[in-house]
Protein chains: 2
Amino acid sequence: MEERVYLSMLLGLYGSLLTDKQRDIMKLYYDDDLSLSEISEITTTTRQAIYDIIKRCHKTLLNYEKNLQLLEKYNKNEDLKKSIKEDLVKAKYKIKDNEILSIIHDIENKLEQI
Amino acid sequence: MEERVYLSMLLGLYGSLLTDKQRDIMKLYYDDDLSLSEISEITTTTRQAIYDIIKRCHKTLLNYEKNLQLLEKYNKNEDLKKSIKEDLVKAKYKIKDNEILSIIHDIENKLEQI
């Protein structure tokens with residue numbers, strides 16, 4: 001996965017553990033792809049301070065992932081969910097009984113909420 | 001949920017974000033149900049220091065949950081998984097076709113890994 005995309009995903013998972021200012025700057029950099037100079041102008045903060053915040057928060061986010069592995073678990077679960085969804089579609093095309101089909105639909109809906 | 005059980009679950013989810021010493025003491029207190037004096041003796045740390053560590057880490061764990069809501073999401077997902085498992089059992093008892101039954105078994109196995 002591309003570094004910027006990876007950090008953007010970690011930011012989505014752990015951003016709530018950063019301060020508001022840290023999160024704003026990280027989003028501008030990783031989600032909106034702005035340059036240090038652009039972020040500096042928007043936030044009226046020196047370019048060096050922006051650089052330091054991004055560098056520190058980058059390390060913080062990697063450290064949260066190292067300890068909690070939420071992104072790794074998320075990706076693993078998404079793969080399993082995708083595979084279950086394919087199984088459910090396969091089953092649906094073989095089932096003729098409406099009562100069983102209705103149960104399969106219920107399962108699909110519940111799986112979407114996991 | 002009882003406070004001690006709740007904290008024990010938070011410790012399981014966020015314990016990796018504490019230091020080794022903090023985690024040891026919190027586990028002795030919340031998982032093993034030892035008293036401050038017992039923990040003080042085992043860790044050769046004053047009773048007051050143990051009290052301070054537990055109080056601070058208690059607050060830290062609640063704050064992680066407030067921000068990340070991993071326990072809340074975990075409980076919600078467990079409820080959904082339980083409900084899907086019940087649906088799968090219901091479907092199994094109505095299905096006669098072995099090919100479809102095999103797909104249902106696959107789904108059950110994958111669901112266990114989520």
Side-chain angles (χ1 to χ4, degrees), chain A residues 9-20 22-23 59-114, chain B residues 9-20 22-23 59-114:
Chain A
M9 293 185 84
L10 291 187
L11 191 55
L13 288 166
Y14 303 111
S16 59
L17 297 175
L18 302 177
T19 67
D20 287 350
Q22 287 173 335
R23 192 169 49 250
K59 199 176 150 189
T60 303
L61 292 177
L62 291 182
N63 202 42
Y64 279 132
E65 177 61 11
K66 186 181 153 209
N67 285 304
L68 295 178
Q69 289 143 23
L70 294 188
L71 183 54
E72 199 183 312
K73 288 174 195 161
Y74 172 81
N75 286 333
K76 188 179 145 269
N77 277 358
E78 285 303 299
D79 286 346
L80 284 164
K81 277 167 65 182
K82 191 167 164 259
S83 177
I84 293 176
K85 278 180 204 171
E86 287 166 10
D87 288 342
L88 288 168
V89 172
K90 239 187 283 173
K92 270 201 296 189
Y93 279 85
K94 293 182 189 298
I95 294 167
K96 308 289 172 216
D97 182 307
N98 280 332
E99 208 182 336
I100 306 174
L101 277 175
S102 156
I103 296 173
I104 299 293
H105 279 297
D106 283 350
I107 294 174
E108 285 180 319
N109 288 334
K110 287 169 192 166
L111 195 64
E112 283 299 329
Q113 299 170 57
I114 286 184
Chain B
M9 292 184 84
L10 292 186
L11 192 54
L13 288 166
Y14 303 109
S16 59
L17 298 174
L18 302 177
T19 67
D20 287 349
Q22 286 174 334
R23 191 168 50 249
K59 201 176 149 190
T60 302
L61 293 177
L62 291 182
N63 202 43
Y64 279 131
E65 177 60 12
K66 187 180 152 210
N67 285 304
L68 295 179
Q69 289 145 21
L70 294 188
L71 183 55
E72 199 182 311
K73 288 174 196 161
Y74 172 82
N75 286 332
K76 187 179 146 269
N77 277 359
E78 286 303 300
D79 287 347
L80 283 163
K81 278 168 63 181
K82 192 168 165 257
S83 177
I84 292 176
K85 278 181 205 172
E86 287 165 10
D87 288 342
L88 288 168
V89 172
K90 239 188 284 172
K92 271 201 296 187
Y93 278 86
K94 293 182 189 298
I95 294 167
K96 307 288 173 219
D97 182 307
N98 280 332
E99 209 182 336
I100 306 175
L101 277 174
S102 156
I103 296 173
I104 298 292
H105 279 298
D106 284 349
I107 295 174
E108 284 180 319
N109 288 335
K110 286 168 192 168
L111 196 64
E112 282 300 328
Q113 299 170 57
I114 286 184

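Every chain is numbered from 1 and lettered A, B, ... according to where its sequence line falls, protein lines coming before strand lines. The analysis underlying the following values was restricted to heavy atoms, covering all of them including side chains, and did not include hydrogens, waters or symmetry mates.
Residue A/K110 holds its NZ atom at 7.5 Å from CD of B/E86, rounded to the nearest 0.5 Å. Going from atom OH of B/Y64 over to atom OH of A/Y64 covers 4.5 Å, rounded to the nearest 0.5 Å. Atom-to-atom distance recorded for A/N63:CG and B/L17:CG is 8.0 Å, nearest 0.5 angstrom. With rounding to the nearest 0.5 angstrom, the CD1 atom of B/I114 is 8.5 Å from the CD atom of A/E78. A distance of 7.5 Å separates CD of B/Q69 from OG of A/S16, quoted to the nearest 0.5 Å. In this structure, NZ on B/K81 lies 11.0 Å from CG on A/L111, to the nearest 0.5 angstrom.
In this structure, the portions of A/I95 lying under 4.5 Å from any heavy atom of chain B include both its backbone and its side chain. The contact between A/L88 and chain B is made by backbone and side chain atoms together, counting heavy-atom distances below 4.5 Å.
Side-chain contact between B/K94 and A/D97: absent, with no pair of heavy atoms (C-beta onward) separated by less than 4.5 Å. Using a 4.5 Å heavy-atom threshold, the side chains of B/D87 and A/I104 count as separate. Looking only at side-chain heavy atoms (C-beta outward), A/L68 and B/L68 come within less than 4.5 Å of each other.
Although no hydrogens or angles enter the test, the distance criterion places a donor-acceptor pair under 3.5 Å between the side chain of A/K76 and the main chain of B/Q113.
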**OP:** Determine, stepwise, if the pair A/L70 / B/L70 fulfils side chain to side chain contact (heavy atoms under 4.5 Å, CB included).
**Re:** CA-CA 9 Å; A/L70 294 188; B/L70 294 188; 3.8 Å; yes
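Considering only heavy-atom pairs separated by less than 4.5 Å from chain A, the leading option among B/D79, B/L13, B/I84 is B/I84.
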